[in-house]
Amino acid sequence: MTQGMNNLLGLREMSPESIVEVLDTARSFREVLERPIKKVPTLQGTTVVNLFFESSTRTRISFELAERRLSADVVSFAASGSSVSKGETLKDTARNIEAMKTDVVVIRHSSTGAPHFLSRLLKSPVINAGDGINEHPTQGLLDMYTMREKFGELKGLNVCIVGDIVHSRVARSNIFGLTKLGANVAVCGPKTLIPDYLDQFGVKTFFDIDEAIGWADVLNVLRIQLEREAGGNFPSIREYRLYWGINIHRLERAKRPLVIMHPGPINRGVELDADVADGNTSLILDQVTNGVAVRMAVLFLTGAKSS
Ligand code: CP
């Protein structure tokens, strides 16, 4: 963002220096979240509009909280119940909202490239809150923040992303961000859920989960995206769980301390057993807490420039 980035569209186009700037800025906002009054005046007078065209719990609430903690004015839009149901286009929706003098746009959309499209159309900074199967940059950043908080630095850390890689914008943002900061990144899952272009990013592939567990410091476990037809890529949920599901017995065979992450929502008992998700090696709720601080940092670094 110091490099003239007014938008946050993805970690693929972000420099390592800009990623570190977000992570360092988030650390000071993380401290604000521990105060009795969790609010600073940083974005007073700035209006942020959250355009959510796809379902969300964590990202939508996390952005809203981050905006309110920064004292911004917040407008939240859900496609259901809006004029999108009458056939209004994304372009018209966004331009009409901007005409009401909003300053920053946060967008989640099921179509890859929707935030990039808006960034060419609007004067306001655009922040990608997840676009199709492309990227989920604030999730990637909050994952990196959480790993850095736990391990001190990302350089040399062994991170294995497990599961439905091919449909995952979280996997892509993690791969782009982590490799830029010197982590060793691997993926593990059924062959049918692993895209074949990952070699070019220096990503290692495991097909055996026990081998991956033996290698990794971090397992970032992904949801099997049944709504994106991931289920057609393996024989049954039962079989997926048997070969790639993370359970306590598998983790007992780990050669070194291992932490578990998951972006949520979790399919409990499919990709991750409940006792692991809720166990003492799980950083899942730390990820959620850190997400607010990371989004405050992103809003500050983009929104501060617009006002
Ligand atoms: N991690 C994540 O994007 O969760 P939501 O879909 O609930 O926002």
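Atoms within a ligand are numbered from 1 in the order they appear, just like the ligands themselves.
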Asks: Could you go through ligand 1 and note, for every N or O atom, any protein N or O atom closer than 3.5 angstrom, writing the atom names and distance to 0.1 Å, or 'none'?
Replies:
residue, atom, partner, partner atom, Å
ligand 1, 1 (N), Q139, OE1, 3.1
ligand 1, 1 (N), P263, O, 2.8
ligand 1, 1 (N), G264, O, 3.3
ligand 1, 3 (O), T59, OG1, 2.9
ligand 1, 3 (O), R108, NH2, 2.9
ligand 1, 3 (O), H136, NE2, 2.9
ligand 1, 4 (O), R58, NE, 3.1
ligand 1, 6 (O), R108, NH1, 2.9
ligand 1, 7 (O), T57, N, 2.8
ligand 1, 7 (O), R58, N, 3.0
ligand 1, 7 (O), R58, NE, 3.3
ligand 1, 7 (O), R58, NH2, 3.0
ligand 1, 8 (O), S56, OG, 2.6
ligand 1, 8 (O), T59, N, 2.9
ligand 1, 8 (O), T59, OG1, 2.6
ligand 1, 8 (O), R108, NH1, 3.4
ligand 1, 8 (O), R108, NH2, 3.4

Asks: For residues 279-300, pull every pair meeting side-chain hydrogen bond (donor to acceptor under 3.5 Å, both in side chains), keeping only residues two or more places apart or in separate chains.
Replies: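 Every pair satisfying side-chain hydrogen bond (donor to acceptor under 3.5 Å, both in side chains) with a residue in residues 279-300: R30-N290, S62-R295, T138-R295, D143-Q287, T146-N290, E149-N290.
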
Asks: Taking only distance into account, with no hydrogens and no angle test, what donor-acceptor pairs under 3.5 Å do side-chain atoms of residues 193-201 form with protein atoms, sequence neighbours excluded?
Replies:
residue, atom, partner, partner atom, Å
Y197, OH, R172, NH1, 2.8
Q200, NE2, Y197, O, 3.1

Asks: Do F234 and Y243 make the cut of ring centroids closer than 6.0 angstrom?
Replies: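 No, the ring of F234 stays outside the 6.0 Å limit from the ring of Y243, centre to centre.
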
Asks: Through direct or indirect side-chain contacts below 4.5 angstrom among Ile, Leu, Val, Met, Phe, Trp and Tyr, which residues connect to V74?
Replies: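 V74 clusters with nothing; isolated.
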
Asks: State whether D273 and R241 are salt-bridged, where the test is any N-O pair (Lys NZ or Arg NE/NH1/NH2 against Asp/Glu carboxylate O) under 4.0 Å.
Replies: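 So D273 pairs with R241 through a salt bridge.
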
Asks: Just do the side chain to side chain contact (heavy atoms under 4.5 Å, CB included) check on E21 and T25 with the steps written out, would you?
Replies: CA-CA 6 Å; E21 182 186 21; T25 307; 4.2 Å; yes

